[in-house]
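Here's the structure, in structure tokens; my notes come after.
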Amino acid sequence: MFRKTCALALSTLMLLSVFSTGNLTRAMGKSREEENTIVASEEEEQDVPFYGKKTVDGILVSVKADAGVFPKKAKLKVKKLSQKVDKKKVEEKVEEKLKEEDAELLESFIFDISVLDAEGEELQPDNEKGDVKVSFERLNILAKGKELAVFHLDEPDAEPEKLSDVKVKEKEKKLEVKTDHFSLFVLSVIDRSEDDMETGSLGMEEGEDKNLNEFLSEGNRFVEGIEVSSDHEDIVRVHIDPDTKDVRIKALKEGKATLTIKNKVIVSGSEVEQVKQYTVIVQSPFSGGRLGQNMKYSLSGEGKNMTLTISGYGYGDDRERAPWFAYRDKIKTVIIAEGVEGLGIRRAPFGYMENLEDVTLPSTLKEISDFAFIQSNKLKNLIIPASVVEIGSQAFYKEGTDATHNTIINRSSIYLEDTGKLHYNHSFTTVKQTAKKKEEQKKRGVQINSIRLYQVPSIQKSFLEVNISGVSSKSIAECYFFRTQDANKAVKESDFSTAYKDSMNLAGWRTGEDNWKASYYTDVSNINWLDNKTYYCYILLVERAGGDPPKKVGIFKQTIKVGTDNRLPDTDGKLNWSVVKSGTASSGQISKYKLTIGGNGAIKDYNAVNGYREWDKLFFALGEEPKSIKLVLQDGISKIGSYAFNGISYGSATKLEGDLKIPDTVKEIGVGAFSNLNIKGKIIFPSHLKKIDAYAFSDVLHDGELILPNGLEEIEEEAFSGNHIGNIRIPASVKKIGLHAFFKEEMGRDGINTIVNHSAVKLSERYANPLFTKFDLDDSEEGSTVWTGKKGGAGGSSYRNYWRDNVPNTVNSSAKKVKWKKDSKGWWIQNEDGSYPKNEWKLINKSWYFFNKEGYMSTGWIFRNNTWYYLEGGENENSGKMSTGWKLLNGTWYYLSKEEGANNGKMLTGWQLINGRWYYLSTEEGINNGKMLTGWRLINGKWYYFSTEAGINNGKMLFNTVVDGYTLKEDGSWDTQKKKAG
């Protein structure tokens, strides 16, 4: 009921997307019984087809029947059920029915449909004479995560019948259903989405102060009017941030407290109170421990004068979060002792420390990670030793009103930049260094090798596979698609619409020095591909790298004759597979698929030789489409290959429904085979399983117990790492366990889990996190942390090298680097400290993004600092969703990519073709980077003119014209041969 009331509170917003806005206004106003009759056409014959239609509240209801089903002068009558008592009875009955399906009713439209004879008496169809179809048209059924279903009731008190023969036509915004009699028809908007905020245990560390939404995680957003209370304010205190007005909770001391969250929502005009409760477990963070086999850390001091000391030698284990995270605002001094070469902490090990001032780096240090000291704004002068060979982006970046000025003496060979990689902000930091900036290597060209159409008739899907090569790791390629059946058409640039523009995903396999092969998959099911027809497909390929102008590589042509050769192969080696639509989803908004794999032999690894699995290609093409997949693996499969299901995990809304049963014939589960999956049932392991390879189930969302089978011998590195794994039983047969095999960076929603270890392998804190997991901790087999003066030493887990050398670069491989989240409003990110950026620029994976005042990623044009940017994305900022296209922010226009996929939201620079017009966005490093240029501009030795006209033409490149007496050629450059006209 809690989920229902919350969902119904949003019904007005929901209906805005389900039904047309104008008609919704009438629907939500005073109920008005509308009756109308349409007389079927009179024919001489006794038996004639019946057709009647009526519009009620903007929804067109029509009835068709075969000849003889109704008499000749029958009439259609449609009225909306307006009595509140009857409407409530019907909705309650439908809700009870939906509970059986674990679904909820968000909103309903109830129609009393009847057919009358010439005297006005109700008729029922003569079903022996033919079929009757009822259609509901003028619907917008594109609301993600929602379904439309139809129920039938004879009377308001009767048991509802869910009609199964329902067809939804998305393009026509139409729902059609067969029926065998008439009375009440309930057009229902229902929700099957899982509740991400189920009541359970949540973890905090003493001293942590979190925003409530971030605390509950998974991108949930409460509506206004929320009330939060704690039954033990001495353990967990609820307070309001005076600046942001956000509800925050602070952990004061060890113990347990119950948070009660009350939210008042409006349901059918009435105010309803929603209540949820969470048990919060507060624990004291560790003040010391191991960072690796030969490295440890310790905290000393009190208050805001604490010292963090890191000692030992070699490299620490790779981990996402620093174990001293809870103390970050109390640490004033950091001392990294001699012998330490690298910490292994992937992101911001000393970032966002509001009190950090003094840092000592050893002469043995080799690595400084990305964001190492980002926004530790009080950091004083620092010396980077000559031993350092790698410095991550924004390692010393400061910003904000509290930032103080400091000096960095850089003795390493790495050139620190205040632009490009943005190691530091010159407004707050002065760098003294002898290293020189290296010139960029010349970029290699990119070309398309082939375009192939794949079709999957079983689910009526079509997609393109575009294979490219010669790709530079730093270049960006875009393709513009055009299709025609005219073999003689002279295709021009103007034929390529931005509606069919995609940025090529350059992730792929390195085939040589800075040279990549890659494939890109894009869904083209919305284009009609007729069998035995020939289509001439063209891609305009544009490559841009660094600040260079866009380079038109060329127009690539591929002739595609549609036929059986275009069918996506249903075999994979000795295995066969199939995918069909499944489930009862009537709206198509949560797409349900059943993927079945059978045969004899191993599922191949995804690697440079084998490429993607065929089903991966399909699900990559489906991208972020919300989908539910039932995976059926049949006996005969001997091995699950590495990244075998890499594609089906693509898209944050993807769920693997039901139990994941791995066949008993499987003896090995490969690297990353099921990583990142959201498994909504049990994981049933095969009885003959011998090995679970590295990352096989890493970052899996699964709350159930893991009972590993007797006979299992190897569990490799980070096999089950992640925050949503339940209790684990390790059998006595296990002989090897890899580092961080069961490591949790956070407690997760389901509290502290337990490992029962029957094996002889001793588990130290390098295998599981004792703060969030109960297990028998045995540190006896770890090495000494005393440095003897010898450089080098045992490293920890090899996360960085492992993923660089072994993990395929796929379209979502970068997702591990930043905690991107998506909810109904759009994309946003979670900072290392649990907050999220609002109304600010963020440099993420070497690309700039802008997050609006609500914290959502913008796309399209934005106006800021007198500069144009181009943003890729969704709806405009006024609706709370990310913007797209060109935007002018605070005086300057920038453009943020609107391209779906990995480039979505990135600030673009250099030459850009947008809506058929060329623009140039400044490539100048620093404050002018990304600005839309106007007027005369000298670019790569040629003069161009960009319109200064206000309005829609502002900034576009002019060509084939004369400006200020100078002639501009077809490519927009000044024709120096003609010089000045006149």
Side-chain angles (χ1 to χ4, degrees), residues 288-299 308-325 328 331 334-351 353 356 359-374 376 379 382-397 408 410-416 421 423 435 694 717-718 721 738-740 743 745 764-767 782-807 816-817 832 845:
R290 283 188 180 269
L291 288 179
Q293 183 177 9
N294 304 106
M295 194 183 303
K296 63 181 180 181
Y297 76 96
S298 61
L299 287 155
L308 168 64
T309 302
I310 299 170
S311 59
Y313 60 96
Y315 291 83
D317 296 338
D318 283 293
R319 57 192 297 173
E320 190 72 28
R321 172 176 155 170
W324 49 82
F325 182 77
R328 67 190 183 280
I331 296 172
V334 171
I335 300 172
I336 303 179
E338 291 295 314
V340 174
E341 297 179 45
L343 301 183
I345 297 168
R346 299 166 198 162
R347 292 281 161 151
F350 313 106
M353 291 186 172
L356 179 62
V359 174
T360 301
L361 303 179
S363 64
T364 54
L365 189 66
K366 292 182 178 180
E367 295 181 1
I368 298 175
S369 69
D370 289 342
F371 314 111
F373 297 92
I374 186 171
S376 289
L379 181 64
L382 183 71
I383 298 175
I384 301 174
S387 58
V388 171
V389 295
E390 184 175 344
I391 300 177
S393 63
Q394 290 189 280
F396 309 102
Y397 191 84
I408 294 177
N410 179 20
R411 294 175 179 168
S412 78
S413 60
I414 306 299
Y415 180 79
L416 293 187
K421 288 186 178 180
H423 290 115
E717 179 179 356
E718 297 204 35
S721 61
L739 294 176
H740 281 217
F743 203 88
E745 298 281 359
S764 73
E765 60 191 286
R766 302 174 67 208
Y767 296 84
E782 298 297 347
S784 169
T785 59
V786 178
W787 187 50
T788 60
K790 181 181 178 181
K791 290 192 175 182
S797 62
S798 53
Y799 176 90
R800 178 175 300 173
N801 292 335
Y802 189 95
W803 284 82
R804 181 191 66 197
D805 298 335
N806 297 289
V807 178
K816 296 183 73 65
K817 297 179 181 179
E832 296 289 336
N845 295 339

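Inter-residue side-chain proximity for Ile335 and Ser311 is flagged as unmet; no heavy-atom pair is nearer than 4.5 Å. Between Ile391 and Phe396 there is a side-chain heavy-atom pair separated by less than 4.5 Å. Contact annotation: the side chain of Tyr767 approaches that of Leu739 to within less than 4.5 Å [non-hydrogen atoms, C-beta and beyond]. The shortest distance between side-chain heavy atoms of Ile414 and Ile384 does not fall below 4.5 Å. Taking the side chain as every heavy atom from C-beta outward, Phe350 and Val359 never approach each other to under 4.5 Å. When side chains are defined from C-beta on, Val388 does not count as touching Leu361, because their heavy atoms never get closer than 4.5 Å. Proximity of Leu343 to Met295: side-chain heavy atoms (C-beta onward) are separated by under 4.5 Å at one or more points.
Here the straight-line distance linking atom CG of Asp318 with atom CZ of Arg346 works out to 5.5 Å at 0.5 Å rounding.
Looking at residues two or more places apart in sequence or on another chain, you find no ring pair (Phe, Tyr, Trp, His ring centres under 6.0 Å) involving Tyr397. Residues satisfying the ring pair (Phe, Tyr, Trp, His ring centres under 6.0 Å) test with Phe371, not counting sequence neighbours, are none. Take Thr785 and apply the side-chain hydrogen bond (donor to acceptor under 3.5 Å, both in side chains) test, not counting sequence neighbours, and it matches no residue.
Nearest heavy-atom pair, Ala435 versus Ser413, reported as atom, atom and distance to 0.1 Å: CB-O, 3.7 Å. For Ile368 against Ala395, the heavy-atom pair with the smallest separation is CG2-CB, 4.2 Å. Of all non-hydrogen atoms in Ser369 and Ala348, the two that sit nearest each other are OG-N, 4.4 Å.
In this structure, Trp324 contributes its side chain and Pro349 its backbone to a donor-acceptor pair below 3.5 Å. Remark: side-chain polar atoms of Thr364 are not paired, donor with acceptor, to backbone N or O of Glu341 under 3.5 angstrom. When atom types are taken as modelled, the side chain of Thr309 and the backbone of Ser298 share no donor-acceptor pair closer than 3.5 angstrom. Between the Ser387 side chain and the Ser363 main chain, a donor and an acceptor come within less than 3.5 Å of each other.
Just one residue in the list Arg766, Arg290, Gln293 forms a side-chain hydrogen bond (donor to acceptor under 3.5 Å, both in side chains) with Glu782, and that residue is Arg766.
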